[in-house]
Amino acid sequence: METVLDDNRSGPSGQRIGGNLARAWLVLVLALVLGAALAAVQVHLSPIIAANKRNETLRQIPALVGLEPATLKPGSLEIRSGVFEVPANGTARFYRVFMVRLEGRLAGWVVKTAGQGYADRIEVLIGFDPGVTAITGLFILEQKETPGLGAKIALPSWRRQFVGKKTATRLTVVKGRSAGAGGIDAVSGATISSRSVVRIVNRTVHDLAGRLTPEAVRFAGGES
Amino acid sequence: MADQPTATERFVQGILPENPVYRQLLGLCSTLAVTNGLKPALTMAGAVGFVLLSANVIISLIRNLLKPHLRIVVFTLIIAAFVTMVDRFLAAYMYSMSKALGPYIPLIIVNCIIICRCEVCASRQSVFTAAADAVGQTAGFALALVSIAAVRELLGTGALAGVRVLPAAWPDWVVMVLPPGAFLTFGLLLALVNWVAARRGGGG
Amino acid sequence: MGYAVDIFLIAVSAALINNFVLYYFVGICPFIGVSRRVEMALGMGGAVTFVISIASFLSWTITTLVLMPGAPLTRWAAGFFLPPEAAAAVDLTILTYIVYIFVIASSVQFVEMYVRRFYPPLYKSFGVFLPLITTNCAILFACLVIMGHVVGVENPAEAWDLGKALTLGFFGGVGFTIAIVIMAGIREELELCDVPEPFKGAAITLIIGGILAMAFMGFTGVDSGLRAALGGG
């Protein structure tokens with residue numbers, strides 16, 4: 001360290017930088033070569049990575065609004081992604097929404113939403129019918145709940161309970177057998193994870209029901 | 001430096017006598033973090049192997065040009081660049097695995113195994129020896145990861161690589177796939193390796 | 001109010017619930033290597049906390065200003081060569097890892113130089129650990145977590161600002177210190193015990209780490225409870 005400080009005092013700095021550059025030529029050449037390689041990687045792979053990220057969500061969408069992608073006529077399904085803004089105590093809450101149209105007619109909505117789970121954030125996709133009167137599907141995009149317990153919220157057998165629930169009734173978690181119109185049976189041993197998902201769904205339904213229309217959504221690209 | 005180990009010696013040493021995980025205790029972060037299943041463990045071993053081989057070969061090629069005070073900078077630059085490539089490659093072709101491994105792929109940059117091999121072997125020996133060393137160390141690393149992951153996945157989920165092998169009556173020891181299971185399994189296996197090594201060392 | 005709750009929860013989560021060492025397994029090398037004496041552990045913890053805070057500050061700043069798509073400095077610089085739309089689309093995120101590791105390495109160098117010159121007593125207590133920190137995964141890990149909350153966040157209101165980034169870094173370091181000091185305290189007592197030969201050193205440390213990790217699992221879910229209690233949504 002002392003030598004570095006001494007260097008600062010001796011000689012014009014231009015000379016020192018020149019000397020350092022000459023000594024560091026290998027680093028510079030390497031940086032150029034590796035930079036070129038990384039640029040090539042970026043150009044080749046970033047479209048694929050972007051598509052992976054999009055498809056992760058898009059793949060789930062037809063099933064969430066109750067459609068069977070295999071049985072559809074090719075080209076008849078149209079999914080448009082946009083942002084829906086809800087004023088919520090002073091600030092605005094944003095939802096990423098996907099409008100699903102089948103042969104030009106609105107077939108349903110899928111909304112990406114998230115909230116705090118037991119261990120970490122839970123990210124959820126919820127499907128609604130065109131008028132947002134009933135839930136048509138639920139998918140857990142991301143969760144880090146306890147394996148073997150809370151993580152069971154991602155299983156189809158648990159998620160299926162949400163299908164057909166009316167958005168007019170507030171959902172509640174019940175233990176044991178599912179009771180009443182708004183009852184969701186908790187995953188055994190994971191009441192908090194189950195309650196978290198139900199809370200996320202309730203909040204989303206509260207924000208969207210009666211407000212989500214094609215006119216209210218800001219679609220990407222601008223054209224409508 | 002008169003008698004450096006030969007390529008074959010380097011290769012063999014990496015697997016057991018100088019196993020990077022069990023004997024040198026290097027790269028422990030990824031060892032503990034990705035061994036909750038065989039698939040992530042093997043992917044991690046592959047990623048580390050690729051970076052180690054590339055870094056070892058390139059550094060061995062330029063070893064006569066290296067200035068001592070810039071050595072570590074050059075190592076870091078090369079390793080970070082190759083780790084970025086692996087990271088993008090996984091995100092493009094093994095997207096769900098890339099999401100599952102998350103930050104542990106970029107953390108390969110600070111995996112001590114790689115910089116240690118660059119320093120000990122690649123910056124002093126020929127390309128062929130450096131490559132053999134990289135393959136040997138990778139094999140040793142993979143062996144360690146697989147042994148830990150097999151125990152944890154089997155006891156934690158009753159499955160191996162996602163395929164159920166234990167009877168349905170097996171009560172999954174969920175704690176084994178959670179963080180404490182990583183510490184306990186690795187600690188016990190490490191003691192086992194120490195015990196075997198001591199017995200063999202004592203015998204001969 | 002909501003912001004204060006966010007900061008508080010990030011701090012609790014980084015220090016206890018998702019402890020860097022016992023939950024994410026970063027910083028295991030010093031956790032095993034430098035945990036024989038409590039003073040050493042405290043020194044190491046202090047050094048890590050110090051460097052991790054600086055690295056968090058630098059990585060947040062560089063990511064927001066230069067690396068992420070549409071970052072203002074890059075857009076301005078690229079504006080000299082490219083039309084405005086192309087300049088706004090320049091994406092340097094592929095350089096993130098390289099930039100981070102050099103930011104960490106140089107901030108470690110800088111901190112060492114500065115502390116040695118101006119705070120000799122501080123240097124005596126933790127300066128010796130500074131060179132070891134460059135390869136400490138905890139620092140790079142904190143930078144990566146911050147990046148995950150800045151780059152590619154869909155909802156701009158959810159992207160982390162500098163305050164949240166610094167909170168994560170500092171309390172991540174505090175969590176590391178807590179873990180390593182507890183471990184050192186246990187290991188000091190352990191010297192009076194008759195540990196079986198094969199378990200001596202790293203193996204018994206790992207097993208204690210496992211028991212500690214189990215204890216820390218008890219914190220899981222505390223954040224969702226706190227959030228509900230504090231009304232953060």
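We name chains A, B, ... by the order of the sequence lines, and we start the count at 1 in each one.
Closest approach of C:L206 and B:F183 over heavy atoms only: O-CB, 3.3 Å. Closest approach of C:C137 and B:C29 over heavy atoms only: SG-SG, 2.7 Å. Nearest approach of C:I101 to B:A80, heavy atoms of both residues: CG2-CB, 4.1 Å. Minimum interatomic distance between C:F141 and B:P103 (heavy atoms only, all atoms of both residues): CE1-CG, 3.6 Å. In this structure, B:C112 and C:C29 approach most closely via the heavy-atom pair SG-SG, 4.0 Å. Minimum heavy-atom separation, B:G187 to C:A203: O-CB, 3.6 Å.
Of the residues considered (B:L25, B:L107, B:L28), B:L107 shows the highest number of contacts with chain C, using heavy-atom pairs under 4.5 Å. Of the listed residues (C:I104, C:L22, C:I204, C:I208), the greatest number of heavy-atom pairs within a distance under 4.5 Å of chain B belongs to C:L22. Counting heavy-atom pairs under 4.5 Å between each of B:L184, B:L32, B:L190 and chain C puts B:L32 at the top.
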Quick one: donor-acceptor pairs under 3.5 angstrom, chain C versus chain B?
unit_1: C:Y24; atom_1: O; unit_2: B:Y104; atom_2: OH; d: 2.5
unit_1: C:Y97; atom_1: OH; unit_2: B:D87; atom_2: OD1; d: 3.4
unit_1: C:Y97; atom_1: OH; unit_2: B:D87; atom_2: OD2; d: 2.8
unit_1: C:P198; atom_1: O; unit_2: B:N194; atom_2: ND2; d: 2.9

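Heavy atoms of B:V193 lying under 4.5 Å from chain C are absent altogether. Only the side chain of C:F102 comes within contact range of chain B, with heavy atoms under 4.5 Å apart. In this structure, chain B has a heavy atom under 4.5 Å from the side chain of C:I32, while its backbone stays farther away. Interface residue C:L144: only side-chain heavy atoms are found under 4.5 Å from chain B. B:L77 touches chain C through backbone and side chain together, each having a heavy atom under 4.5 Å away. Looking at B:L188, the atoms closer than 4.5 Å to chain C (heavy atoms on both sides) sit in the backbone and in the side chain alike. With a threshold of 4.5 angstrom between heavy atoms, C:M147 does not approach chain B through any atom at all.
Within 6.0 Å of CZ on B:F89 lie no more than 12 heavy atoms contributed by other residues, nucleotides or ligands. A 6.0 Å sphere centred on CZ of B:F75 holds more than 12 heavy atoms belonging to other residues, nucleotides or ligands.
Here the straight-line distance linking atom CD1 of C:I98 with atom CD1 of B:I78 works out to 10.5 Å at 0.5 Å rounding.
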